[in-house]
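Below, chains carry the letters A, B, ... as their sequence lines are ordered, and counting in each starts from 1. Computed from a prediction, not measured in an experiment: that's the story for all the values here. The basis for the numbers below is simple: all heavy atoms, side chains too, and nothing from hydrogens, waters or symmetry mates.
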There are 2 protein chains.
Amino acid sequence: MAPETLSSLDRSTLRERALHALRTAILAGQYRPGDHLGEVELAGRLGISRGTVREALRHLQQEGLLVPAARGMLQVHRLSPTEVRELYEVRAALEGLAVAGVIASAGREQAVEELRQALIRLDRAAGDFAAQVEADLAFHLLLCELSGNSMLVRTWRHLEGPIRVTVMSVGDERRRLPMSAARHEPIVDAVERGDEAGALEVLRSHMALAAAQLAGPGDQN
Amino acid sequence: MAPETLSSLDRSTLRERALHALRTAILAGQYRPGDHLGEVELAGRLGISRGTVREALRHLQQEGLLVPAARGMLQVHRLSPTEVRELYEVRAALEGLAVAGVIASAGREQAVEELRQALIRLDRAAGDFAAQVEADLAFHLLLCELSGNSMLVRTWRHLEGPIRVTVMSVGDERRRLPMSAARHEPIVDAVERGDEAGALEVLRSHMALAAAQLAGPGDQN
DNA sequence: CGGCTGATGACTGTTGACACTCGGCCGGCC
DNA sequence: GGCCGGCCGAGTGTCAACAGTCATCAGCCG
């Protein structure tokens with residue numbers, strides 16, 4: 001007995017699946033910043049009840065993907081250039097802590113190895129914008145995870161929503177974001193050398209560059 | 001006409017009021033870490049329906065005050081000593097960014113003034129543990145706000161839940177937390193001098209001390 | 001013409017009921 | 001005795017219906 005064709009069933013709740021579906025749709029750009037998400041329409045489209053959709057929407061609101069609009073409605077978050085810059089400053093601070101953690105950790109060598117593999121995956125994604133974003137974020141998340149600080153990972157994840165919305169919603173014209181493997185290599189190099197100050201410096205300029213690219217050309221508001 | 005006795009009505013939804021009530025109860029220690037929060041019981045106690053309670057509970061889950069337990073139930077988050085230490089490392093990184101922001105900002109003088117007033121309020125709270133916690137967190141939040149980085153404030157707020165649960169749930173025996181005004185003064189002093197490195201150093205040791213106090217005596221798990 | 005007043009449609013807020021799952025208990029059957 | 005089965009009880013998951021709120025607009029009246 002025990003046929004191998006029987007795999008474990010999907011135990012996720014409708015709420016979780018709706019959450020995932022909505023998040024994916026938003027991050028894929030199917031809804032643009034400022035778009036309104038109505039409970040009734042989504043419930044009909046997903047084939048589930050309004051209450052369940054509602055829970056998923058509230059979750060996304062706390063994730064920072066949605067913001068309250070007039071009359072209790074929700075819409076996709078649109079970050080101002082200032083917020084984008086602030087966002088990337090916070091990222092720099094968090095990933096700075098991650099770098100320090102990795103350098104101080106016992107398994108630094110293996111961590112460097114894993115980071116290098118992430119860079120290879122990043123390189124392979126060249127050409128496909130979505131895949132590149134995926135690989136880029138995966139690299140930075142890996143950096144946090146390798147620090148061994150679970151609260152840091154949780155905090156970083158909390159910023160992931162706004163980051164993705166921002167990155168995905170830039171116009172096609174200036175998608176020359178600093179996501180190439182070459183841009184990330186100096187970070188890994190500095191970690192390998194155990195050069196914390198150098199890594200921080202590289203990281204900070206990396207973030208500043210991305211922020212400038214995403215926030216738009218020079219305007220200060 | 002226009003009698004001044006008519007004030008604006010309370011426009012908050014039931015969900016928001018339930019959320020506030022539950023958060024307050026948890027942070028007041030009315031529910032201890034590990035306690036189970038059942039929808040039916042809470043709905044009955046608050047006099048509202050389960051669905052509404054549910055939304056509030058999910059919100060608190062995302063805030064980090066509640067964590068999933070067996071069979072989809074929720075219970076008050078109990079942070080391990082390791083998590084406490086990690087939490088305070090992240091805090092140090094974030095508030096380090098805040099300090100840098102305040103020092104770099106144009107209104108540094110006025111910021112220092114506001115921080116000094118917060119210290120005075122902290123001093124006045126001496127003796128009353130709950131008030132002291134309140135004043136202490138208010139000081140640190142103010143620090144973030146004065147940096148002018150709204151994303152930083154949002155991120156810090158995201159950690160506020162776990163911080164409060166941890167601080168409030170320590171036994172009475174070792175409530176000698178480094179919350180006195182004297183402990184915070186060096187931070188403000190360094191900011192006033194524009195000494196970023198010094199401020200970071202003070203901040204880091206401040207956090208390390210608090211983490212050690214909260215995480216318990218020396219155990220490493 | 002200008003302002004007030006209802007009707008209307010499109011939403012979200014809230015609720016009570018029903019469905020389902022899980023763990024524990026108990027009784028019968030080998 | 002040990003095990004298998006079904007039967008609770010306590011939870012959460014999901015839903016459909018009802019209620020309330022708000023912006024809009026047509027119509028009325030001064």
What nucleic acid atoms does Leu37(B) come within less than 4.0 Å of, heavy atoms only: base, sugar-phosphate, or nothing?
sugar-phosphate
So, are Glu134(B) and Arg164(B) salt-bridged, with charged N and O less than 4.0 Å apart?
yes
Which nucleotide in the set dC11(C), dC22(C), dC22(D) lies at the smallest distance from any side-chain heavy atom of Arg11(A)?
dC22(C)
Shortest non-hydrogen contact between Glu86(B) and Gly148(A), atoms and distance:
OE2-O, 3.0 Å
Selection: residues 14-24 of chain A, any non-hydrogen atom under 4.0 Å of DNA chain D
Leu14(A), Arg15(A)
From the list Leu42(B), Leu65(B), Leu60(B), side-chain contact (heavy atoms from CB on, under 4.5 Å) partner of Leu37(B) resolves to Leu42(B)
Can you name the closest pair of heavy atoms from Ser150(A) and Glu83(B) and give their distance?
OG-CG, 4.1 Å
Of residues 42-58 of chain B, the positions that come close to DNA chain D - non-hydrogen atoms, cut-off under 4.0 Å
Arg50(B), Arg54(B), Arg58(B)
Shortest non-hydrogen pair, Val102(A) vs Ala111(A), comes out as CG1-CB, 3.9 Å
Nearest-Å distance, CD (Gln61(B)) to C1' (dT12(D))?
13 Å
If we ignore hydrogens and angles and just use 3.5 Å, is the side chain of Arg183(B) paired with the main-chain N or O of His206(B) as donor and acceptor?
no
For the pair made of CG in Leu74(A) and C1' in dC11(C), what is the distance, rounded to whole Å?
12 Å
Taking only distance into account, with no hydrogens and no angle test, what donor-acceptor pairs under 3.5 Å do side-chain atoms of residues 22-29 of chain B form with protein atoms, sequence neighbours excluded?
| unit_1 | atom_1 | unit_2 | atom_2 | d |
| --- | --- | --- | --- | --- |
| Arg23(B) | NH1 | Glu63(B) | OE1 | 3.0 |
| Arg23(B) | NH1 | Glu63(B) | OE2 | 2.2 |
| Thr24(B) | OG1 | His20(B) | O | 2.7 |

For His158(A) and Arg154(B), work out which heavy atoms get closest and say how close.
CE1-O, 4.0 Å
Tell me which of Arg71(A) and Met73(B) sits closer to the 5' end of DNA chain D, going by the nucleotide each one is nearest to.
Met73(B)
